[in-house]
Protein chains: 4
Amino acid sequence: MAGSPTTRDRLIAAAAETFNRDTYHGTDTNRLARAAGFAPATFYKHFPDKRAAFLAVYREWVDAEWNALEDTLKEAVGDPRAIVDVVVDHHVRWAGLRASLRVLVPVDEQVREFARRQRRRQLDWLARLRGRRVPVSGRHHEPRDLALLLTFERVADAIADGEAAALGVNPDDLRTQLATTVRQWFA
Amino acid sequence: MAGSPTTRDRLIAAAAETFNRDTYHGTDTNRLARAAGFAPATFYKHFPDKRAAFLAVYREWVDAEWNALEDTLKEAVGDPRAIVDVVVDHHVRWAGLRASLRVLVPVDEQVREFARRQRRRQLDWLARLRGRRVPVSGRHHEPRDLALLLTFERVADAIADGEAAALGVNPDDLRTQLATTVRQWFA
Amino acid sequence: MAGSPTTRDRLIAAAAETFNRDTYHGTDTNRLARAAGFAPATFYKHFPDKRAAFLAVYREWVDAEWNALEDTLKEAVGDPRAIVDVVVDHHVRWAGLRASLRVLVPVDEQVREFARRQRRRQLDWLARLRGRRVPVSGRHHEPRDLALLLTFERVADAIADGEAAALGVNPDDLRTQLATTVRQWFA
Amino acid sequence: MAGSPTTRDRLIAAAAETFNRDTYHGTDTNRLARAAGFAPATFYKHFPDKRAAFLAVYREWVDAEWNALEDTLKEAVGDPRAIVDVVVDHHVRWAGLRASLRVLVPVDEQVREFARRQRRRQLDWLARLRGRRVPVSGRHHEPRDLALLLTFERVADAIADGEAAALGVNPDDLRTQLATTVRQWFA
DNA sequence: TATGAATGAGATTTCATTCAT
DNA sequence: AATGAATGAAATCTCATTCAT
């Protein structure tokens, strides 16, 4: 079904791994190209600039998370712990990429805008979960919902980048804590 | 009372403003020095490198937050909203600096270590607030407490950098939400 | 036969002339690149740093000396004066380069190691000239042989950098003296 | 008799040690001053520039060698090995300083001129040793004598900086070789 | 006499990006 | 479509040197 990966696909995949390992500011576009098996100039045939490549990587990352989440929801409906595990695992796998994202959001308009679109989608999803109608515009959201998402993300990052462990907090206990928070939110 | 600021103080103050406005990766040491009214070389008489200057700025930032917190606690004991306001205001004022911190933590050993020391101090404080004895080593901590801190920080940052507003969530309502979370934690 | 020179070749050639004229510490990599007709960054596409460029120049210099020596030995077998002339002329032509070498040997590990490899090769050659078997390891050498080489080199340098002339010693007489020393060594 | 050392003396002594340890291009004048227990600016009260300090150090070094040589000649007249030992020991003790000298001679006019004055003094001494009259002008010198001095210096340096040992030549045997050369010269 | 404090002028190196083929 | 080769424009950091006190 899926044909052999295009040059662009290979560039994105290599960039994902490289950003994840070395951070956005820790690599350069020449290395990204070489990591995919291409020459530097090829990079610029497929992306206008470095940021654009990151954006592409980030988009894929978001899609992958949604896909994983949907798979989980089919099997384990209403099991917060399963959701926690999917999300946290995804963050753990891509901890370096997340760190890069946190670098770019305040600096790059496009990345920021995409991150917000993504956030809106999450907020809409939460609203639906709680049986509320989502207004077409999707412009208004609940503070509680946003707080939940932010907590989720921040705790997942703390587990992913080793902060929890470094502070003497068992990462597994933190996952449990997260599941509890989700349940309280849903109640 | 306080003597006139030393060169180092002036460099730190100028670096704080500059990092806050332009991001860590958005300025260079020459600009930091010029912003304080000095020549580039002067910077290196006071800091071994750029990271060291950021670390110094960050230390001051942390001290300032603790001081503000202590002042508040004297007047408004047990008022979560007051605490929320102090912390969030501090994050709002220094949103760019916080963004830079998030850039450096995954990349810079020293910054990371200092951030963790700071986190341990916060965790010890929370433990004391709840009437628990803090073990001398201070090595073990409660998942709940860490989750609270992370939530606090992340929500404060979201208010600070305009993410909440951009998503159609009233920043003030988020503050209220945060205060509620604190109360639940304390109960 | 020889294709057009590569960028690296041109950089090395320009660096040889520039180091020779201005000394290692008397130029910078930007100038080396410009002297070859390239932009500064190009230099770093071909050498990791300034020292590496010097090392490359030095290697070429050593090869050139051996080649000149071999040519001479074919025609003028056993004529010490011919050998003296070849070596001294080579030193005269590259006096500034030799001075740079003397700067770097005590300071740079790689340059030193290469200079010593080169010296071992010379010592092996002398041993063979005197009809001795060179032990495979080539680890042990005669003090007399090393003394000859050092004398040769130092006297050649003194002629090359004008020291002899400045001291009222006729450079040509010094060459003759060197040839005499060689004959005594061989006897 | 000798009063307490002046600031200048202390600067020279500290510079000698520092140049010897770190090379001329491996230190800076600030460090030289600090090593003597003074502030950077003090350095420039006593020397017009960095080279001048090196020149002063070099002068002292030369004087010390002559003094040691004269002491030896009083006791061990006509013992080449004793002379070899004095000179080589002095070179060993100050190997780094000698390396710095070799750096500066081709580059610094004053250092070069002083080195040559010193060389003339050595040549005159050799001429006297062989019972020849030294012409008043001291302008003309024997190639044999200069060759001896250069050999002496170069071999001493090779022992001092570890080159001999690195090449598998016993430094002690080289000293013996040097003594032999002196005897042949004198014969 | 000595210095605390500062600096102008670079040297080395990096990197996002281009362009002729 | 891909690339080999190159680069302009910095950013980080160094160092010999100065000057008011």
Side-chain angles (χ1 to χ4, degrees), chain A residues 6-8 10-11 24-34 36-54, chain B residues 6-8 10-11 22 24-34 36-53, chain C residues 6-8 10-11 22 24-34 36-53, chain D residues 6-8 10-11 24-34 36-54:
Chain A
T6 65
T7 297
R8 192 187 145 89
R10 288 165 60 196
L11 283 168
Y24 182 81
H25 284 291
T27 11
D28 54 83
T29 57
N30 282 20
R31 282 208 274 260
L32 296 180
R34 293 290 181 210
F38 297 100
T42 302
F43 179 91
Y44 287 90
K45 294 286 174 194
H46 295 270
F47 304 103
D49 54 30
K50 194 186 181 189
R51 298 159 26 232
F54 182 83
Chain B
T6 65
T7 298
R8 193 187 145 89
R10 288 165 60 196
L11 283 166
D22 301 334
Y24 182 82
H25 283 291
T27 13
D28 56 82
T29 58
N30 282 18
R31 282 206 274 261
L32 295 180
R34 293 291 181 209
F38 297 102
T42 300
F43 179 90
Y44 289 93
K45 289 285 176 192
H46 295 271
F47 305 103
D49 53 29
K50 195 185 177 189
R51 297 160 31 244
Chain C
T6 65
T7 296
R8 193 187 145 89
R10 288 166 61 196
L11 283 167
D22 300 335
Y24 182 81
H25 284 290
T27 12
D28 55 81
T29 58
N30 282 21
R31 282 206 273 261
L32 296 180
R34 293 291 182 208
F38 297 102
T42 300
F43 179 91
Y44 289 92
K45 289 285 175 190
H46 295 271
F47 305 102
D49 52 30
K50 196 186 177 187
R51 296 160 33 244
Chain D
T6 65
T7 296
R8 194 188 145 87
R10 289 164 60 195
L11 283 167
Y24 182 81
H25 283 291
T27 12
D28 55 83
T29 57
N30 283 21
R31 282 207 275 259
L32 296 180
R34 293 289 181 211
F38 296 101
T42 302
F43 179 91
Y44 287 91
K45 293 288 173 191
H46 295 270
F47 304 103
D49 54 28
K50 193 187 182 186
R51 297 159 27 231
F54 182 82

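Lettering follows sequence order; numbering is per chain, from 1.
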| note | If each end axis of the helix from dA2(E)-dT21(F) to dT21(E)-dA2(F) is fitted on five C1' pair positions, the angle between them, to 10 degrees, is 30°

Can you check the [X] [atom1] to [N] [atom2] distance for me, whole Å?
X: Arg8(C); N: dG4(F); atom1: CZ; atom2: P; value: 18 Å
X: Arg10(A); N: dA1(F); atom1: CZ; atom2: P; value: 14 Å
X: Arg31(B); N: dC13(F); atom1: CZ; atom2: P; value: 15 Å
X: Phe47(B); N: dA11(F); atom1: CZ; atom2: P; value: 19 Å

Could you pull out all residues at least two apart from [X] that satisfy side chain to side chain donor-acceptor pair (under 3.5 Å)?
X: Thr27(D); result: none
X: Asp49(B); result: Arg51(B)
X: Arg8(B); result: none
X: Asp28(B); result: Arg31(B)

| field | Minimal non-hydrogen separation, His25(C) against Lys50(C), with atom names | value | CA-NZ, 4.3 Å

| query | At their closest point, which heavy atom of Pro40(D) faces which heavy atom of Ala33(D), and how far apart are they? | reply | CA-CB, 3.8 Å

| request: Identify whether any heavy atom of Arg34(C) sits under 4.0 Å from a base atom; if not, whether one sits that close to sugar-phosphate; answer base, sugar-phosphate or nothing. | output: sugar-phosphate

| Is His46(D) touching bases, backbone alone, or none of the nucleic acid, heavy atoms closer than 4.0 Å? | sugar-phosphate

| Excluding sequence neighbours, so at least two apart, what forms side chain to side chain contact (heavy atoms under 4.5 Å, CB included) with Thr42(C)? | Thr7(C), Phe38(C), Ala39(C), His46(C)

| field | Counterpart residues, side chain to side chain contact (heavy atoms under 4.5 Å, CB included), relative to Ala53(A) (two or more places apart) | value | Phe43(A), Phe47(A)

| If the sugar-phosphate is the primed atoms plus P, OP1 and OP2 and the base is the rest, what is the B/S/- string for nucleotides 16-21 of chain E, using protein heavy atoms under 4.0 Å? | BBBB--

